[in-house]
Amino acid sequence: MKQDIAKLLQKKKKQLLENWMTNQLADSALREDLMSNEELRGQSEEFVESLLNTINGSNIAEPSSSDFDPVLEILAGISMSRARQGFSPRETGYYIFSLKDALLQILQDEIKDPVQLFESSMQVTRLVDSFSTVTFETFIKGREDVILRQTDEIAEISTPVIRVWDGIVALPIIGTLDSARTQVVMENLLEQIVQTGSSIAILDISGVPAVDSLVAQHLIKTVSATRLMGAECIISGIRPEIAQTVVHLGIDLSNIVTKASLASALRYAFSMLQLEVKKKTKVITQ
Amino acid sequence: MDRIPILKMGRFLLVTIQVDLYDRLATNLEADLVQAVSTTGARGVLIDISALTIVDSFMGRIIGNIGSMAKIMDAETVVVGIQPAVAITLIELGLELKGVHTALNVERGMQLLQEKIGPEDETTDDDSSTE
C-alpha cells in the first residue's frame, strides 16, 4: 500500500516546524541582527501552514501546479523582504534548503520501505527545488528594485540647485553628464530660475570627470535653454585637462561665458548685477 | 476672425498671448505686429508667452521672424515668460531665438527694453514726460 506523504506531513506538522527551526537556528549564518528569532519563527510557521494546507496526494508530484500559487506568493514576499533587509543570497538560500532537510528527516523517520522512501524523497526534493528557484528569482528582483531606487536617488541628489545670492543660482554637476541626466539637470535648473526669479545661473563642472563632444553638446543646450528663460548662464570649473580636450575636439565655447573657478564666476556675476564686495575697514578713532 | 490684441504702452508694444497659438493666429500676429510697429513707430516689442505651454517649430520660427522683422524696423524684441518645458522644447528643436532678447517676466522685460533703447529722445513724440 502506498502511503500518502501529504497526509503524513500534515500529521507531523508540529515536528516539521520544530525540525526546520532547529536547522535554521543551528546555522552559523543566522542573522539575529537583521531578524529576531520570534519573527523568523512566525515567518516559518506561516509558510509551513500554507504549504501543508496546499499539498495533497496528487499535486505533490507537480511542483508547477497552480495549486502552489499562494505558497509561492508567501515565499516571494519573504525573499523580497530579505533582499531589502540586506540578507546575503546564501542566507536566503539556506532558509529554504533547511526546509528540505527537515522534510526529508520526517520521511526518513516515518517511511520504512526503501523504494517508497526514495520515491517520496525525490518528490519532496523536486518540490523544494522549485520553491528555491522562486526564492532566488524574487530575491534578485528585490535586489534589483533596491538598485533601481538607488539610481533614482543618485540622480536626484546629484542635481541640487543652490541659491548663492539674490538672483544668482549655482548648480554643481558631479559625475558624468549623459542625455538623461542633462534632461534632469536642465529641468531642475530652469524650474529653479523661475521659482527664485534669478537672472544668472552658474554651472560648475569641476566634478565632471571628462568632457567629450557629447557632454559639451549637452552643456551648450543647457546654456541656450537658460538664455531662452531670460537668464545668463556661466560655466565654471573648467580644469586644464578639460580646456585641453575641448580645444582638441574643436568644440566652440566662445559664445558662452566660461570661468576657471566658481569664485571667479561669482565675481563676474556680481559685476553683472552691479554688486560689489568690499572689505570692511575698521575706523580707528583716536 | 481671431486676433491677438497688440497694446501700445509708451514707446513699446505689448503682446500677451493667452491662448494656444495655432498657425493661422501666429501668421496673423506676425503681420499685425509689423504693421503696428510701422504705424506707431514703436521702439520695442514685448511678447509675453507665459501662458503658452505647447510650442512647435513653426511657432518658434514665427517668434524668431518677428524679432528679425522688428529689428530691421529699428525695434528691439523681448520675449518673456518662457516656461521651462517650452525652453527645453525649443532647444531640442534647434531654435535658439537668436534675434530676440529674453527675460524672465514682464517686469524684467520692460527693464531690459528700457536699457536697450536708452533714454527717451525729445524729438520722437509729443510725450510730456520731462526729468
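No experiment lies behind these values; they were computed from the predicted model shown.
Between the A:Thr196 side chain and the A:Gln192 main chain, a donor and an acceptor come within less than 3.5 Å of each other.
Residue contact with chain B, scored on non-hydrogen atoms closer than 4.5 Å, involves the backbone and the side chain of A:Ile193 alike.
Residues from residues 88-100 of chain B that place a non-hydrogen atom less than 4.5 Å from a non-hydrogen atom of chain A comprise B:Ile88, B:Leu90, B:Ile91, B:Glu92, B:Leu95, B:Glu96, B:Leu97, given in numerical order. Below 4.5 Å, heavy atoms of chain A meet no heavy atom from residues 44-66 of chain B.
Looking at heavy atoms from C-beta onward, A:Val223 lies in side-chain contact with A:Ile235 at the 4.5 angstrom threshold. Taking 4.5 Å as the limit, some side-chain heavy atom of B:Leu29 sits within range of a side-chain heavy atom of B:Ile17. Between A:Ile251 and A:Thr245, the closest side-chain pair of non-hydrogen atoms is not below 4.5 Å. Side chains of B:Val19 and B:Leu25 form a contact here, defined as non-hydrogen atoms less than 4.5 Å apart.
At least one test fails for B:Arg43 against the ring of B:Phe12: distance under 6.0 Å to the centre or angle within 45° of the axis.
Remark: B:Lys116 pairs with B:Glu76, B:His101, B:Leu112 by the side chain to side chain contact (heavy atoms under 4.5 Å, CB included) rule, at least two apart or across chains. In this view, A:Thr182 and A:Leu177, A:Met186, A:His218, A:Thr222 satisfy the side chain to side chain contact (heavy atoms under 4.5 Å, CB included) rule, not counting sequence neighbours.
Between A:Phe47 and A:Tyr95, the ring planes are tilted. Angles from 30° to 60° get that label.
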Exercise. Going through the checks in order, is the salt bridge (charged side-chain N to carboxylate O under 4.0 Å, His left out) test met by A:Arg149 and A:Glu153?
Worked result: CA-CA 6 Å; A:Arg149 206 191 59 226; A:Glu153 272 170 17; 3.8 Å; yes

